[in-house]
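Counting begins at 1 with the first residue of the sequence. When a ligand or atom number is given, it counts from 1 through the structure's own listing order. Bear in mind the structure is a predicted one, so any value in this text is a computation, not a measurement.
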Amino acid sequence: MALTANLIGDRQTFVTHLECSLTGERYEADRLHGLSQAGRPLLVRYDIEALGKALPRDVLEGRPTDLWSWRELLPVRHTGSIVSLGEIETPLVPIPASGGANVLVKDEGRLPTGSFKARGLVMAVAMAKELGVTRIAMPTNGNAGAALAAYATRAGIETVVLCPDDTPEINVREIAAQGARVHRVNGLIDECGAIVGKGAAEGLWFDFSTLKEPYRIEGKKTMGLELAAQLGWRLPKAIFYPTGGGTGLIGMWKAFDELEQLGWIGSERPKMFAVQASGCAPIVRAFEAGEEHAERWENAHTVAAGIRVPKAVGDFLILRAVRESGGRAIAVEEEALQRATAESALQDGVLLCPEGGATLAAWREAVAQGWVEAGEKAVLFNCATGLKYPLPDRSATLDKDNLPDLARL
Ligand SMILES: *Cc1c(COP(=O)(O)O)cnc(C)c1O
């Protein structure tokens, strides 16, 4: 089997326990957990001191640069629990024309199943397998369901996936093609989630909703670890993250803390910008109102399906990270995110997904408002390949039997 060298041999993990993100209450590791008693996400904690002794930074730097190079900072105990589809390090691609000289796109569309949901789901599925789960259900706007289907099918775990009936068609078909049973629901993702919760309460399956099991965050955390290593352990000045459930933003914030405890980075942090679409901006509304939690957003709509999340269970963790970092939550108009998406493709040859386009539009807004400087290093997260979304038709037709002046094509 052509697994990465990082997966050969049994693994060592430094997990000590899990912790409620709201109350700090402790939970035992190596047990199946959903949310905490308080109904909030659980965070995995490690013995960072022992980890630092076992893993000098130069040892890490000598490894192949994929997700599993971080294995000591990840929760899986046994290599045999992992089904890998090749979770590579994703590149930082400059977009000097549509962005700026120091604007880099972290192109997560290169990952298996074409989105960064692979990072979270490869981890969560490995842990589910390790802990004996045989049936999983999940609500999705598309990409998470596709990643779950791919990894769970390969791990021999049954999956039921519920998505809003207007989820991009390619996603719905991709989920089913990879072996999940997918149902289109006449509601939004949180309404799909309520059905998943009902079935879980009846004991029909394990609930894999965003942040309702503890390990997707750990997978998404690798975005922060990887970014730090790629930039020579100097974090950028700003990160623009398209925010739905916020797993990635929360995960990166956690990663930076762990890296600082290891002494691999200092105490400086990027300004974290949580980017939403103006048609679904619960986090932005709460940020601007100074609230700690975000109310559900009614009548959510945006083409950026991945960030159409009316209610996030980790809302307070997103808001806390954004505020501590000195960043902001920014809503961008539909027209601005579509223009940004078009311009990055036309001017820089980088086909962003609409959620990625939203981060470019938000960066422009942040520069215009003076929240970041145009020349400062900023990283935009493009979390899926643009190829998964309907593209505008910019073609013309040509009659082979009646050719015009070819010089004018
Ligand atoms: C899921 C998704 C997001 C949002 O990610 P969260 O970590 O849940 O906030 C953004 N963009 C794309 C393409 C996605 O699939």
Just going by heavy-atom distances, which of Thr140, Asn143, Thr385 is nearest to atom 13 (C) of ligand 1?
-> Asn143
Who's closest to atom 3 (C) of ligand 1 heavy-atom-wise, of Gly306, Gly251, Gly120, Ala144?
-> Gly306
Mind checking whether Tyr27 and His33 have parallel, tilted or perpendicular rings, split at 30° and 60°?
-> perpendicular
Does [X] come within less than 4.0 angstrom of ligand 1, counting non-hydrogen atoms of the residue?
X: Ser115; value: no
X: Phe116; value: yes
X: Thr243; value: yes

How far is [atom] from its nearest protein heavy atom, and which residue and atom name does that atom have?
atom: atom 1 (C) of ligand 1; result: Lys117 NZ, 1.3 Å
atom: atom 12 (C) of ligand 1; result: Cys383 CB, 3.7 Å
atom: atom 10 (C) of ligand 1; result: Pro242 O, 3.6 Å
atom: atom 8 (O) of ligand 1; result: Gly245 N, 3.2 Å

Within reach of ligand 1, part of Thr247 (heavy-atom separation under 4.0 Å) |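 Both the backbone and the side chain of Thr247 come within reach of ligand 1.
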Counting heavy atoms only, which part of Tyr241 comes closer than 4.0 Å to ligand 1: side chain, backbone, both or neither?
-> side chain
Kindly determine whether Glu258 and Leu51 satisfy side chain to side chain contact (heavy atoms under 4.5 Å, CB included), including the steps that lead there.
-> CA-CA 10 Å; Glu258 291 172 358; Leu51 199 163; over 6 Å; no
Test of proximity, Lys220 against ligand 1: N or O pairs below 3.5 Å |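 Between Lys220 and ligand 1, an N or O pair is found under 3.5 Å apart.
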Kindly confirm or rule out an N or O of Cys353 lying under 3.5 angstrom from an N or O of ligand 1.
-> no
